[in-house]
Amino acid sequence: MLKQLLHITTFLFTAVLLCSSCNSANNKTETQSSVTDSTDRKWWKEAVVYQIYPRSFKDSDGDGIGDLTGIISKLDYIKSLGVDVIWLNPIYSSPNDDNGYDVSDYRNIMKDFGTMQDFDALLKGLHERGIKLVMDFVLNHSSDEHEWFKQSRSSRASKYRDYYHWWNKEKGTPPARYSLFDVNHDAWKYDTLTNAYYLHYFSRKQPDLNWENPTLRREVFDIMKFWADKGIDGFRLDAFQFSAKDTTFPVFPSGYEKNFVQYYAMGPHLHDYLKEMNQQVFSKYNVMSVAEGAGNSFEDAHNLVDADRKELGMAYAFEGVDIAKPEGYSLPHFKEVFSRWDSAFAEKGWLAIFLANHDQARLVSRFGNDSAAFRDVSAKMLATFLLSMRGTPYYYYGDELGMTNAGFNKIEDYKDMPTLNEYQHQKNIGGDIKKFMAEIKFSCRDNGRTPMQWDSSTNAGFTRGKPWLQTNSNHAYLNVAMQEKNPNSCLNYFRKMVKLRKENPALVYGKYTLLDKDNPDVYAYTRELNNKKFLVLLNFKSKNSTLHTGIDLSKAKTLISNYTTVLASETLRPYEAAVIEL
Ligand code: NOJ
């Protein structure tokens with residue numbers, strides 16, 4: 001079970017990016033003809049998305065929690081990155097059982113984060129800078145403190161009863177359902193008030209909404225329109241592939257929980273709900289939408305995102321982000337996964353490219369090398385990878401600096417609810433606590449949620465109060481202020497890499513060809529569009545590594561490199577990365 005919980009951080013947070021109605025007003029390049037679905041130019045395909053975890057980005061009022069005014073104060077920094085879209089984790093009213101993924105009012109702003117006026121000012125400030133805003137919509141479940149749920153649980157006769165999934169006690173014990181966050185992993189919670197159980201795939205404070213109910217669906221679409229009318233540019237749909245359920249609640253075979261995604265994802269009518277959402281919301285606005293979960297196969301992923309189906313726009317698959325393990329990972333496996341996904345989407349559909357988000361530990365700690373000697377160079381190597389692949393790159397706040405895992409040692413330092421619940425669970429079942437602590441030190445999502453490191457002052461310039469989650473002590477030397485001054489910093493490398501991608505459509509749309517496939521240390525590929533051809537070379541190891549591409553590099557032009565002296569031969573230095581024009 002422990003493995004499973006840790007796996008959640010991988011699964012949960014894989015998304016399918018739904019994009020629709022991206023009309024030509026927003027897409028200056030739309031006029032260009034396309035050969036395939038995936039070369040059909042759209043602004044959201046060409047965008048670089050920067051994800052902000054609002055709680056941890058910048059606190060303006062000293063309460064130790066990041067807020068909207070804090071983000072506003074950093075808009076020029078965000079602009080300076082060259083990114084096009086911001087994805088904000090949920091900012092709606094919430095009792096914060098799961099840091100905003102438990103919404104108690106979808107039309108209001110969480111008190112910790114500010115007011116609706118602050119939100120309007122943020123949106124205006126972003127738009128003035130030509131940056132779009134994607135909001136996170138939590139629609140598989142609400143908070144148990146949402147008015148709908150309060151009414152629903154008050155009486156079996158409530159008109160809100162069917163907004164959620166209830167199982168009356170007189171029918172017996174409900175068929176087992178696995179909860180990802182519950183301390184007992186039981187997704188049914190008995191409620192004495194009406195002598196019935198309610199379903200919660202996540203925590204007890206996150207009851208699942210009943211999408212079979214057309215009234216609920218209408219309410220949800222109205223909420224989405226409320227935000228679209230305010231002018232937001234996109235939606236990320238949280239855990240949406242779980243929304244559709246077989247409400248006869250069949251018994252699952254024993255052991256189903258080891259592979260619960262297969263049973264939970266892509267339930268009956270999911271495609272109908274998405275088509276309806278598209279028709280009711282996306283098609284009426286010029287928005288990009290982002291949902292979570294690409295199903296269980298390429299077929300599922302295509303059925304969600306192929307343009308002619310009018311559901312979603314972009315698949316965000318877990319398989320890549322899932323590769324990193326505490327014991328390391330195999331580069332041939334990494335290459336195989338990314339190459340397989342690329343080839344499945346080469347003609348149709350579109351992918352998101354990411355290796356980190358708010359549900360993961362830090363990028364450089366998981367996929368690079370966060371030791372003093374290699375942190376900087378390996379973070380730059382990963383930026384080169386993420387920003388030179390086909391698909392829309394997603395970059396999580398702080399990764400542009402090479403921020404690392406916090407690696408807390410004491411359970412008291414962790415704040416993540418599922419982690420704390422699993423700790424309790426392990427204690428209850430007499431589990432191996434030492435092993436658990438070692439695993440969360442590497443994998444817990446709090447690792448990726450520590451305050452943004454703005455400068456070397458106390459609390460990294462994030463807050464003048466006490467931060468809600470401890471600041472990583474390496475902010476003393478790893479921070480924005482210091483990296484701004486250094487032309488070779490990770491931050492400035494990230495900016496250059498974003499610029500290079502934006503100036504070269506071949507890096508967005510170009511054909512991808514893997515070279516030297518079985519090389520255990522080096523990832524090499526070309527990207528090619530019209531008359532432009534680029535070679536990307538990435539040494540994933542902390543040693544010199546040789547590659548065999550058969551390409552004569554003597555006349556090639558290096559466009560970017562994470563070393564100050566250019567590549568001299570087919571031997572790459574530790575974590576060396578380069579994009580070369582052929
Ligand atoms: C997925 C989100 O990314 C994660 O942070 C959250 O805990 C769960 N969904 C539940 O909403």
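Order of appearance sets the numbers: ligands from 1, and atoms from 1 within every ligand. Please read these numbers as outputs of a predicted model, since none were measured by experiment. The chain is numbered in sequence order, starting from 1.
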In terms of side-chain geometry, is the basic nitrogen of Asp191 or Lys189 positioned less than 4.0 Å from the acidic oxygen of its partner? no

How about Gln51 and Asn89: does a side-chain donor come under 3.5 Å of a side-chain acceptor? yes

Taking only heavy atoms of Phe181 into account, list the atoms of ligand 1 that are under 4.0 Å away from them. 7 (O)

His141 heavy atom under 4.0 Å from ligand 1: yes

Between Tyr423 and Tyr414, does the ring centroid distance fall short of 6.0 Å? no

For ligand 1, which atoms have a heavy atom of Arg445 less than 4.0 angstrom away? 4 (C), 5 (O), 6 (C), 7 (O)

Quick one: which ligand 1 atoms are inside 4.0 Å of a heavy atom on Phe202? 8 (C), 10 (C)

Can you see whether His271 engages Glu311 through a side-chain donor-acceptor pair at a distance of less than 3.5 angstrom? yes

Could you pull out every donor-acceptor pair under 3.5 Å between side chains of residues 65-75 and any protein atom, sequence neighbours left out?
{"unit_1": "Asp67", "atom_1": "OD1", "unit_2": "Ser60", "atom_2": "N", "d": "3.2"}
{"unit_1": "Asp67", "atom_1": "OD1", "unit_2": "Ser60", "atom_2": "OG", "d": "3.0"}
{"unit_1": "Asp67", "atom_1": "OD1", "unit_2": "Gly70", "atom_2": "N", "d": "2.7"}
{"unit_1": "Asp67", "atom_1": "OD2", "unit_2": "Ser60", "atom_2": "N", "d": "3.0"}
{"unit_1": "Asp67", "atom_1": "OD2", "unit_2": "Ser60", "atom_2": "OG", "d": "3.2"}
{"unit_1": "Ser73", "atom_1": "OG", "unit_2": "Gly70", "atom_2": "O", "d": "2.6"}

Any heavy atom of Arg236 sitting closer than 4.0 Å to ligand 1? yes

